[in-house]
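This report refers to the structure that appears directly beneath it.
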Amino acid sequence: MSAAPHQEPELTPRRVAAFVVMVFGMFMAILDIQIVSASLPEIQAGLGASSDEISWVQTSYLIAEVIMIPLSGLLGRMMSTRYLFAVSAAGFTAASFMCATSTTINEMILWRALQGFLGGGMIPSVFAAAFTIFPASKRSIVSPMIGLVATMAPTVGPTVGGYLSHAISWHWLFLVNVPAGIGVTIGVLALVDFDKPEWKLFDSFDWIGLGALACFLGAMEYVLEEGPGNDWFQDELVAVLFVVMVIGGITTFWRAFTRENPVVDFSAFGNMNFAVGSIFSFVMGIGLYGMTYLYPLYLSSIRGYDSLMTGQTVFVSGLAMFFTAPLAGILSSKMDLRLMLLLGFVGFGTSSWMLTGMTAEWDFYELLWPQVLRGISLMICMVPINNLALGTLPPEKMKSASGLYNLMRNLGGAVGLALINTLLTDRGALHAARLKEALSWSNPEALRQLNMMAANLTAQGVDGERGALSQMAGRVTQQATVMSFIDVFTLLTLLFAGLAVLALAMKPPRAAGAGAGH
């Protein structure tokens, strides 16, 4: 009962060093989700893969990672933080090297899946360690650090990836992990001593529960990833995997609530703060991964930017986060965390609302302030969400809870991207149809513009009438796409404005030691 207060004074330089090494490992794992996204065309060319196959370089990583994240709670108790993290880091490093040496797309998909699975073991361990080895008084320093890594890594991933693949080659997207991964593995084995393994838990390991969890989360990630592009249940594989997801989900929850030592322990959801914090984490996933996807998509599809130019434009958010992290730490120790959360959500909603005036001419300067505000707001949200969700849990619940908390953020990202892609497609088609209705031969402005374009093209020695119609069709498509982006930004604005009110439903974790005793 009194474990938490006894642990508080034991903050040694060794533990701080161990935590920093773990945070670096987590940064590698989260960065690797997005570092590849900007360089998929280069990898596709290098491996001779089709456009359908190359998407699996991302999908396989995400599916494997999302299975491991909730499983890491039980594995952390069995193996201890030290051995789980060291095995994850060493395996992640080896898989990274194998990705770089892949010569076929199938090899790449296999090693990416292994990389994602092992990387997923590192992420929740850092959150669990932050809230068990540090006293409550130090959370204003620790929470911004993990918040910064969890949000900044996906934001700067496309930029780092774009630079590496342009400057050297796509192989270095993976090779860059090797020396860092070796250092993390050695550092963790030498420094981490937070807990002891409980090997006897392996005797009652729920293999059926593990299979059900893999089917549930793996199928869900595939359905959300591939559904929007394949017209959802019109695609046979999406429909089959949806059934697998439902059966896997029912079995996972049944095993979790009927076994003494389940693969995933859902009991942390009994804590009101953790439950509401997990909802916020889910929504942060929508905002974080959704915006990280939308900015590059706009810049490449509307502005025609390559991966390097896109990376340079979206890097602003990462810089804003980096400089806001210390401020977020100071604020978290000085003001009510719920008010801080409210400010963060309002800021995020405002940054989305600023984008609703977007046109096809928007460039770096028009996107600058929305990105800066988004970066600041993300950090101001992330710190209180971490503290409110995990700050009132007892230490023995921390490993499982940390896995679930991180899983919610990833699932938010997956659900968000699926909704965004569906909206962009459906609203784009609707806007295009409406614009085409307005472009009739009885519309004098349309005829005037067509005649101008035709005259311009004829003067250049091109077939004026046909060329003008083609240009007009291109304009309509582009405008419809921009309008569908505006619809998505409007929806994100409403989502975050609504959540700002929910922030007041949480209880501030004033007495962390007392909270842990209940």
Requested in this report: Please report the shortest heavy-atom distance between Gly344 and Cys381, naming the atom on each side.
Outcome: C-SG, 3.2 Å
Query raised in the report: Could you go step by step and tell me if Leu424 and Val488 meet the side chain to side chain contact (heavy atoms under 4.5 Å, CB included) rule?
Result: CA-CA 7 Å; Leu424 287 175; Val488 172; 3.9 Å; yes
Query raised in the report: How far apart are the closest heavy atoms of Ile30 and Tyr289, and which atoms are they?
Result: CG2-OH, 4.4 Å
Report task. With the side chain counted from C-beta on, respond yes when Ser352 and Met291 share a heavy-atom pair under 4.5 Å apart, and no when they do not. Result -> yes
Requested in this report: Find out whether Leu75 and Met68 are in side-chain contact, i.e. whether some heavy atom of one side chain is under 4.5 Å from a heavy atom of the other.
Outcome: yes
Requested in this report: Could you grab the distance from atom OG of Ser281 to atom CZ of Arg409, nearest 0.5 Å is fine?
Outcome: 5.5 Å
Requested in this report: Taking the side chain as every heavy atom from C-beta outward, state whether Phe489 and Leu294 have any atom pair closer than 4.5 Å.
Outcome: yes
**Report entry** For Met28 against Ala180, the heavy-atom pair lying closest together
**Finding:** SD-CB, 3.6 Å
Query - Minimum-distance pair of heavy atoms, taken over all atoms of Gly119 and Ala29 - result: O-CB, 3.6 Å
Report task. Grab the two heavy atoms, one from Met22 and one from Ser125, that are nearest each other, plus how far apart they are. Result -> CE-O, 3.7 Å
Report task. Please examine the side chains of Trp111 and Thr101, heavy atoms only from C-beta on, and report whether any two atoms are closer than 4.5 Å. Result -> no
**Report entry** Reported CG-to-CD1 distance for the pair Leu110 and Ile105, which is rounded to 0.5 angstrom
**Finding:** 11.5 Å
**Report entry** Leu71 and Phe117: CA distance, side-chain angles, deciding distance, side chain to side chain contact (heavy atoms under 4.5 Å, CB included) verdict
**Finding:** CA-CA 10 Å; Leu71 180 63; Phe117 188 74; 4.2 Å; yes
Query raised in the report: Do the rings of Phe345 and Phe496 sit parallel, tilted or perpendicular, given the 30° and 60° boundaries?
Result: tilted
Report summary line: Separation between CG (Leu297) and CZ (Phe485), nearest 0.5 Å, reads 4.0 Å
Query raised in the report: What pairs meet the salt bridge (Lys or Arg N to Asp or Glu O under 4.0 Å) rule with one or both residues in residues 112-122, with sequence neighbours excluded?
Result: Asp32-Arg112
Report summary line: Between the OG1 atom in Thr252 and the CG atom in Leu217, the distance rounded to the nearest 0.5 Å is 7.0 Å
Query raised in the report: Once you round to the nearest 0.5 Å, how far does CD1 of Ile380 lie from CD1 of Ile385?
Result: 12.0 Å
Report task. Taking atom CG of Leu494 as the centre, report whether more than 12 heavy atoms of other residues, nucleotides or ligands fall under 6.0 Å from it. Result -> yes
Query raised in the report: Once you round to the nearest 0.5 Å, how far does CG of Leu492 lie from CH2 of Trp353?
Result: 15.5 Å
Requested in this report: Using a 4.5 Å cut-off on heavy atoms from C-beta on, say whether the side chain of Gln115 contacts that of Asn177.
Outcome: yes
Query raised in the report: Considering only heavy atoms from C-beta outward, does the side chain of Asn406 approach that of Met26 to under 4.5 Å?
Result: no
For a quick test of your reading: what N or O donor-acceptor pairs under 3.5 Å do the side chains of residues 82-91 make, sequence neighbours left out?
residue	atom	partner	partner atom	Å
Arg82	NE	Leu189	O	3.0
Arg82	NH2	Leu189	O	2.7
Ser88	OG	Leu84	O	2.8

Report task. Please confirm whether the backbone N or O of Val178 pairs with a side-chain atom of Ser96, one donor and one acceptor, at under 3.5 Å? Result -> no
**Report entry** Residues which pass side chain to side chain donor-acceptor pair (under 3.5 Å) with Glu65, listed by chain and number, not counting sequence neighbours
**Finding:** Asn410
Query raised in the report: According to the interplanar angle, ranging from 0 to 90°, do the rings of Phe274 and Tyr405 count as parallel (below 30°), tilted (30 to 60°) or perpendicular (above 60°)?
Result: tilted
**Report entry** Any Ile302 side-chain heavy atom under 4.5 Å of Thr481 side chain
**Finding:** yes
Report summary line: In terms of heavy-atom contacts, Val244 and Cys215 come closest through CG1-CB, 3.8 Å
Requested in this report: Show the numbers, then the answer: is there a side chain to side chain contact (heavy atoms under 4.5 Å, CB included) between Leu495 and Phe348?
Outcome: CA-CA 10 Å; Leu495 175 69; Phe348 203 109; over 6 Å; no
Query raised in the report: Do Ile420 and Leu491 touch side chain to side chain, with heavy atoms closer than 4.5 Å?
Result: no
Query - Chi angles and distances behind the side chain to side chain contact (heavy atoms under 4.5 Å, CB included) call for Leu355, Tyr298 - result: CA-CA 11 Å; Leu355 294 162; Tyr298 166 80; over 6 Å; no
